[in-house]
Amino acid sequence: MKTIWFAALLAILPWHQAIAWGQEGHSAVAEIAQRRLSPQAAAMVARLLGRGHSLAAVASWADDVRDARPDTSRWHFVDMPLASDRYVPAEHCAPSPQGDCVIAELDRLKTALRCGRDANARREALKFAVHFVGDLHQPLHTVDEERGGNAIPVQVQLRGLVCSQACKAPLASNFHAAWDSDLIHATVWSWGAYVDRLESAWLTSREARTRQAAGGTPVDWALETHRAARTVWNLLPPGRVLDDGYFQKVLPTLDRQLGLAGLRLARFLNEAYGSKACRAGY
């Protein structure tokens, strides 16, 4: 009955209803970035959010306002066919009443962060940027097929590194939602623990310490994430049961994507707040 109910629910859900990473993943990305802000960026964040308020506190705001702001809906993802190796703006980021795509919005936010018309506009730009850099690193937020995996029912049954809900009984989910939250819940008890995990592991790796890790553009990040999406998509078991075998195979990708998102968010904000240039229209 659970499987039948879940399949019926999927049929009525809007396109890309799932919210990337969930609160835990977005907060972890934001905290990693917070620890790497330049003095100038840290001062601007404190000015806009108020002293004592962190990026993690606003990391899920863009999801919270999504229903009230339908014109922002498509800013959370970029739909590219799995087989595609190219980003084609006219095909993958066309304007619509629900917005265009995350790549285009991040390009606009580069300027809006420091050049918005007033403090409220700059504060909103900051909250969007924190969220959307995270979104762009959730692999299934770059996939067109099956609504980015939302239309693929799965059973989550694994112990992971902690015995979460899915350890006690099979959890009816979907492939996209599993990547949003279920795999994270199987890794740690809290998002703060995930930050600690990455700070003591992947973020100390040779790859993380290279300039290339935080480098590139949103287009580069999207294409890199898309390659990761192909890997985790092709590892999906035929029976669509996400067990410990699947978890162990994709955990390095999960760690890497969250770590990269944090590093790149820090660089995105540091560069935006380190410049004084504003283009026409701001």
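These numbers were taken from a predicted model, which means no experiment stands behind them.
Side-chain N or O atoms of Asp244 include one that pairs as donor or acceptor with a backbone N or O of Arg159 at under 3.5 Å. A donor-acceptor pair is defined here as one N or O able to donate and one able to accept, closer than 3.5 Å; no such pair exists between the side chain of Tyr273 and the backbone of Val45. In this structure, the side chain of Glu24 does not engage the main chain of Trp191 through any donor-acceptor pair within 3.5 Å. Using a distance-only test at 3.5 Å, with no hydrogens or angles considered, a donor-acceptor pair links the side chain of Asn270 to the main chain of Ser38. A donor-acceptor contact shorter than 3.5 Å links the side chain of Arg36 to the backbone of Ile32. For Glu31 (side chain) and Gly192 (main-chain N/O), no donor-acceptor pair under 3.5 Å exists by modelled atom type. Counting only distance, with no hydrogens or angles, the side chain of Gln34 and the backbone of Leu55 share a donor-acceptor pair below 3.5 Å. For Ser200 (side chain) and Arg197 (main-chain N/O), a donor-acceptor pair under 3.5 Å exists by modelled atom type. Judged by distance alone, with hydrogens and angles left aside, the side-chain atoms of His92 form a donor-acceptor pair with the main-chain N or O of Val88 at under 3.5 Å. Without hydrogens or angle criteria, Asp220 side chain to Thr217 main chain gives a donor-acceptor distance under 3.5 Å.
Of all the heavy atoms in Pro237 and Tyr246, the pair that sits closest is CD-CD1, 3.9 Å. Nearest approach of Ala30 to Leu265, heavy atoms of both residues: CA-CD2, 4.1 Å. For the pair Arg66 and Ser73, the tightest heavy-atom approach, listed with the atom from each and the gap, is NH2-O, 3.4 Å. Taking each heavy atom of Asp100 and Cys93 in turn, the nearest pair found is CB-O, 3.4 Å. The heavy-atom pair separating Ala213 from Leu263 by the smallest distance is CB-CD1, 4.1 Å. Closest of all the heavy-atom pairs between Leu48 and Ala119 is CD2-O, 3.8 Å.
A heavy-atom distance below 4.5 Å is found between the side chains of Val250 and Leu183. The shortest side-chain heavy-atom distance between Leu82 and Asn234 does not fall under the 4.5 Å cut-off. Using a 4.5 Å heavy-atom cutoff, the side chains of Gln155 and Ser173 are not in contact. Side-chain atoms of Phe175 and Asn150, non-hydrogen and from C-beta on, never get closer than 4.5 Å to each other. With contacts defined as side-chain heavy-atom distances shorter than 4.5 Å, the pair Arg227/Leu223 qualifies. Residues Asp243 and Gln157 fail the side-chain proximity criterion, which asks for heavy atoms closer than 4.5 Å. Looking at Tyr87 and Cys101, their side chains come closer than 4.5 Å, going by heavy atoms from C-beta outward.
Hydrophobic cluster membership differs between Trp189 and Trp21, with clusters built from Ile, Leu, Val, Met, Phe, Trp and Tyr side chains linked at under 4.5 angstrom. In the hydrophobic cluster analysis, where Ile, Leu, Val, Met, Phe, Trp and Tyr join through side-chain heavy atoms closer than 4.5 angstrom, Val162 is grouped apart from Leu258. When hydrophobic clusters are built by joining Ile, Leu, Val, Met, Phe, Trp and Tyr residues whose side-chain heavy atoms come closer than 4.5 Å, directly or via intermediates, Leu161 is grouped together with Leu198. In the hydrophobic cluster analysis, where Ile, Leu, Val, Met, Phe, Trp and Tyr join through side-chain heavy atoms closer than 4.5 angstrom, Leu235 is grouped together with Val156. Val241 and Trp179 fall into different hydrophobic clusters, where Ile, Leu, Val, Met, Phe, Trp and Tyr are joined by side-chain heavy atoms under 4.5 Å apart, directly or via other members.
His76 and Asp135 form a side-chain donor-acceptor contact under 3.5 Å, judged by distance and modelled atom types alone. For the residue pair Asp63 / Ser60, no side-chain donor-acceptor distance below 3.5 Å is found, with atom types taken as modelled. Counted by atom type alone, Asp71 and Gln98 present zero donor-acceptor pairs between their side chains at under 3.5 Å.
A salt bridge links Arg230 with Asp85: at least one charged nitrogen is closer than 4.0 Å to a carboxylate oxygen. Salt bridge present: Arg256 and Glu207 bring a charged side-chain N and a carboxylate O closer than 4.0 Å. Comment: Glu199 engages Arg35 in a salt bridge, judged by a side-chain N to carboxylate O separation of less than 4.0 angstrom.
Interatomic distance, Arg264 CZ to Leu269 CG, rounded to the nearest 0.5 Å: 14.5 Å. Taken to the nearest 0.5 Å, the CD atom of Glu91 stands 10.5 Å off from the CG atom of Asp144. Within the model, atoms CG of Leu106 and CZ of Phe268 stand 5.0 Å from one another, a figure rounded to the nearest 0.5 Å. Interatomic distance, CZ of Arg147 versus CG of Leu140, reported as 14.5 Å (0.5 Å rounding). In this structure, NZ in Lys110 is found 11.5 Å from OG in Ser275, a value given to the nearest 0.5 Å. Glu271 CD to Leu113 CG: the interatomic distance, rounded to the nearest 0.5 Å, is 11.5 Å.
In this structure, the ring of His26 has its center less than 6.0 angstrom from the ring center of His131.
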Does the side-chain contact (heavy atoms from CB on, under 4.5 Å) test come out yes or no for Val154 and Asp182, once each step is laid out?
CA-CA 11 Å; Val154 299; Asp182 298 331; 5.8 Å; no
Applying side-chain contact (heavy atoms from CB on, under 4.5 Å) to Gln138 and Asp180, what does each step give before you reach the verdict?
CA-CA 7 Å; Gln138 204 274 46; Asp180 281 348; 2.7 Å; yes
Determine whether Leu49 and Val58 satisfy the following criterion, side-chain contact (heavy atoms from CB on, under 4.5 Å), listing intermediate values before the conclusion.
CA-CA 9 Å; Leu49 300 183; Val58 299; 4.1 Å; yes
Starting from the C-alpha separation in whole Å, work towards a yes-or-no answer on side-chain contact (heavy atoms from CB on, under 4.5 Å) for Leu260 and Glu224.
CA-CA 11 Å; Leu260 284 173; Glu224 182 182 54; 3.8 Å; yes
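Annotation: side-chain hydrogen bond (donor to acceptor under 3.5 Å, both in side chains) contacts of Asn120 (sequence neighbours excluded): Arg123. By the side chain to side chain contact (heavy atoms under 4.5 Å, CB included) test, Glu124 is found to be paired with Trp61, Arg69, Phe128, residues two or more places apart in sequence or in another chain being considered.
Ring-plane geometry between Phe77 and His141 is classed as perpendicular, the angle between the planes exceeding 60 degrees on a 0 to 90 degree scale with a lower cut at 30.
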